[in-house]
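Reviewing the structure listed below.
What you see is a predicted model; the values in this text were computed from it and never measured. Numbers here simply count residues along the sequence, with the first being 1.
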Amino acid sequence: MTRLDITITQRPLPSFAAFTELLKPVTWFAPMWAFMCGVVSSGVSITDRWAAFVGGVVLAGPMVCAASQAVNDWFDRHVDAINEPGRPIPSGRVPGRWGLWIAIAWSVGSLILARALGLWAFGATIIAVALAWAYSAPPVRLKTSGWWGPGVVGLSYEGVAWVTGAAVMLNAAPPLAVIALAILYSIGAHGIMTLNDFKAIEGDRQMGVRSLPATLGPDRAARIACGVMVVPQLIVIIGLIGAGRPFHGMIIVSLLLIQIVLMRRLLTDPRGLAPWYNATGTTLYVLGMLVSAFAIRGVL
């Protein structure tokens with residue numbers, strides 16, 4: 001038994017505060033926002049399927065995303081003991097194997113809720129839950145790769161959540177235009193997730209997590225992240241203008257130009273400014289997602 005395993009057995013039950021912290025409500029926004037983009041792009045009024053809408057929002061954030069956070073914290077407990085020793089599991093505030101039991105319970109609960117929302121939502125949720133476990137749990141542990149890890153998170157948080165939103169409202173397979181937008185913004189989210197890895201460079205290197213900042217260094221990783229965020233947005237702009245939606249396309253052009261200005265500052269100090277960019281440039285990125293969702297609403 002490791003020192004960490006001894007530490008986390010000192011308390012019999014997690015407190016409500018520690019339990020809530022484990023599920024990281026602050027992270028729920030991204031998939032809930034993507035779910036909303038899916039709802040908008042479906043062209044279906046919320047009032048027509050309000051119960052499905054509410055259930056889908058709960059599924060995207062408090063269930064699937066929360067489950068993924070619990071899974072990640074459990075399998076990352078040794079890394080967190082170095083990077084963030086105050087986290088619920090390494091600090092002992094979520095003791096024993098409670099972190100694992102919560103991860104399993106929330107994953108199963110997500111699947112049960114998804115099944116109630118329809119077969120398409122259920123299928124998307126199976127993919128999301130499977131990716132969450134593949135990302136964090138050995139032997140797969142995709143997060144150890146700086147390429148696969150951010151890609152899986154981007155796909156889950158943006159793409160799968162977006163498709164789920166459209167599928168829940170339509171109660172059918174989303175149109176190809178919706179799926180295409182979801183995929184493009186998922187690819188761009190790879191860059192956002194890479195910037196999130198800047199906070200854990202030392203711990204990642206010690207624990208063999210090959211994130212791009214840990215393997216390539218902050219400067220190169222930041223340049224790659226910026227490029228990965230820019231290219232999909234350019235494709236979206238070209239697609240919308242070509243589809244006869246120039247107004248929406250030009251709004252995204254404006255948002256992208258501001259992002260590029262912010263990126264230039266980010267590249268002067270990637271490690272120090274990564275949190276700043278995630279609070280500014282990333283906000284513009286997700287606003288573009290919503291603009292593009294409105295662009296194809298009931299049109300393509």
Side-chain angles (χ1 to χ4, degrees), residues 14 16-75 88 94 97-137 142 152-175 178-179 182-183 185-186 189 286 289-290 293:
F16 179 77
F19 168 77
T20 303
E21 187 179 346
L22 178 69
L23 301 182
K24 294 184 185 175
V26 69
T27 65
W28 301 350
F29 171 79
M32 290 169 71
W33 180 270
F35 179 88
M36 279 295 303
C37 290
V39 170
V40 170
S41 65
S42 74
V44 177
S45 172
I46 292 175
T47 57
D48 292 338
R49 286 182 58 79
W50 65 269
F53 168 75
V54 172
V57 171
V58 172
L59 176 67
M63 294 304 299
V64 174
C65 184
S68 72
Q69 296 302 325
V71 172
N72 186 62
D73 269 28
W74 173 255
F75 290 105
V94 173
R97 293 186 173 272
W98 271 101
L100 178 60
W101 307 141
I102 292 170
I104 294 172
W106 246 246
S107 297
V108 173
S110 297
L111 294 172
I112 292 172
L113 175 57
R115 184 62 186 87
L117 294 174
L119 287 176
W120 286 99
F122 184 56
T125 302
I126 290 175
I127 294 173
V129 171
L131 289 176
W133 284 84
Y135 175 77
S136 299
L142 294 174
V152 166
V153 176
L155 179 62
S156 299
Y157 276 37
E158 308 296 352
V160 176
W162 188 315
V163 170
T164 301
V168 164
M169 300 306 289
L170 294 167
N171 198 26
V178 172
I179 296 174
I183 291 173
Y185 278 106
S186 295
V286 299
M289 291 171 54
L290 186 59

If you compare all heavy atoms of [X] against all heavy atoms of [Y], which two are closest, and at what distance to 0.1 Å?
X: Ala182; Y: Ser186; value: O-OG, 2.7 Å
X: Ala189; Y: Gly154; value: CB-CA, 3.8 Å
X: Met63; Y: Trp106; value: O-CD1, 3.5 Å
X: Thr27; Y: Tyr157; value: O-CE2, 4.1 Å
X: Ser41; Y: Ala166; value: OG-CB, 4.4 Å
X: Leu23; Y: Ala70; value: CD2-CB, 4.2 Å

Should we count CH2 of Trp28 as having more than 12 external heavy atoms under 6.0 Å? yes
To the nearest 0.5 Å, what is the distance between [atom1] ([X]) and [atom2] ([Y])?
X: Phe122; Y: Leu117; atom1: CZ; atom2: CG; value: 11.5 Å
X: Asn72; Y: Leu22; atom1: CG; atom2: CG; value: 10.0 Å
X: Ile126; Y: Arg115; atom1: CD1; atom2: CZ; value: 9.5 Å
X: Cys65; Y: Leu59; atom1: SG; atom2: CG; value: 11.0 Å
X: Tyr185; Y: Leu290; atom1: OH; atom2: CG; value: 9.5 Å
X: Phe75; Y: Leu100; atom1: CZ; atom2: CG; value: 6.0 Å

[Y] and [X], any side-chain heavy atoms less than 4.5 Å apart:
X: Val178; Y: Ser42; value: no
X: Leu113; Y: Val64; value: no
X: Ser68; Y: Tyr135; value: no
X: Val44; Y: Leu170; value: yes

Measure from the side-chain N and O atoms of [X] to the backbone N and O of [Y], and report whether any donor-acceptor pair falls under 3.5 Å.
X: Trp74; Y: Trp101; answer: no
X: Arg49; Y: Met169; answer: yes
X: Trp33; Y: Val286; answer: yes

Phe53 vs Phe35 aromatic rings, parallel, tilted or perpendicular, using cut-offs 30° and 60°? tilted
